[in-house]
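Since the structure comes first, as structure tokens, the remarks are kept for the end.
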Amino acid sequence: MSDHRFQELFKRNPGNPIIQTGDIPYQANSVFNAGATRIGNKTLLLMRIEDRRGISHLTVATSEDGINDWTIDPFPTFLPDPETHPEDAWGIEDPRITYIQELQLWTVVYVSYSKGGPLVSLATTGDFKTFERKGVVMPPEDKDAALFPVRFGGRWAMLHRPVSGFAGVGSHIWISFSPDMKHWGDHEIVLPARRGGWWDADKIGLSPPPIRTEKGWLILYHGVRTTASGCLYRLGLALLDLEDPTRLLARSDEWIFAPEEEYEVTGDVDKVVFPCGWVTEGDEVRLYYGGADKCLALATARIPELLDWLVHHNRTSLE
Ligand code: BMA
């Protein structure tokens with residue numbers, strides 16, 4: 001606690017929520033937790049839409065300025081395919097998009113809600129119209145996964161959050177490596193959940209994919225606090241070494257963004273801010289997040305301010 005003045009790092013777009021269920025050209029229950037990227041001069045969101053059965057799929061929205069005038073596909077863009085991919089039995093959720101310059105395509109890492117629990121699947125696309133599925137890449141229970149945009153020592157790297165059934169060990173962010181994006185190994189914890197009263201005790205997960213900065217890979221992650229009135233999802237920052245992303249360089253002591261507005265506090269699941277995507281424009285980062293599992297909202301920050309704040313709020317010890 002080095003600074004007692006409140007510093008608002010992410011500023012909410014005054015027009016929030018930017019996309020709501022009524023904006024979807026077909027019947028839906030909710031729209032939230034979108035992956036984000038740039039395509040040409042547009043911002044593209046790959047939105048999680050939950051239908052009235054309770055099953056989620058992904059649909060594309062694009063906009064020139066990334067704030068207003070979204071053009072939404074008139075039909076689901078990427079549907080679960082339980083016939084050929086049984087892991088999609090109960091839908092696909094929470095996509096994280098990474099553009100891979102080397103391959104000139106995007107990876108979409110998403111949660112397949114399988115009959116054995118949520119797991120991580122991976123697909124690639126060159127146009128967000130057709131998708132090539134690589135299938136399951138992490139068994140259940142695992143979520144909150146995204147690729148780095150480059151290889152390390154020739155291998156791809158992925159952050160993800162497996163959950164152990166072993167009581168009391170916590171759920172942490174892991175890193176794994178692969179020669180081909182399909183077969184993953186050398187798994188290790190890179191960002192452990194804290195314990196006790198901390199905002200990020202017991203269960204954390206990656207939010208959007210890492211962003212490369214001059215100081216390291218910038219990580220935004222969520223902490224899930226279990227309270228007497230349910231779960232509370234809040235966000236904090238971490239930094240991983242540019243050359244060796246298994247090395248944790250810095251980590252927030254405090255959370256930086258939490259449910260406060262009506263559309264974050266009340267929805268299908270109350271008190272949730274859940275970002276799966278962000279895009280940069282110079283120094284600015286635009287964060288797209290689900291509000292209370294019901295709508296999509298936007299908040300912006302300046303990357304140098306995030307990095308500077310992290311220097312002053314760095315606490316990697318778990319005490
Ligand atoms: C997480 C994910 C998210 C969801 C959040 C709050 O476990 O399933 O999709 O937004 O819970 O319900």
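Heavy-atom basis, side chains included; hydrogens, waters and symmetry copies ignored. One-based numbering, in listed order, for ligands and for the atoms of each. Index from 1, following the sequence.
- Ring geometry, Phe131 versus Phe78: the interplanar angle falls under 30°, so the pair is classed parallel (tilted spans 30 to 60°).
- When each of Pro162, Ser171, Pro118 is tested with Glu141 by the rule side chain to side chain contact (heavy atoms under 4.5 Å, CB included), just one qualifies, namely Pro118.
- Annotation: side chain to side chain contact (heavy atoms under 4.5 Å, CB included) contacts of Thr226 (sequence neighbours excluded): Cys231.
- Applying the ring-ring contact (aromatic ring centres under 6.0 Å, His included) rule to Trp70 yields no partners; only residues at least two apart in sequence or on another chain are considered.
- Protein residues having at least one heavy atom under 4.0 Å from any atom of ligand 1 are Asn33, Arg48, Asp94, Lys143, Tyr233, Val269, Val272, Phe274, Asp293, listed by chain and number.
- Evaluation of the ring-ring contact (aromatic ring centres under 6.0 Å, His included) rule for Phe128 yields Trp106 as partners, not counting sequence neighbours.
- Ring geometry for Trp217 against Phe148 counts as perpendicular: the plane angle is over 60°, on a 0 to 90° scale with 30° as the lower cut.
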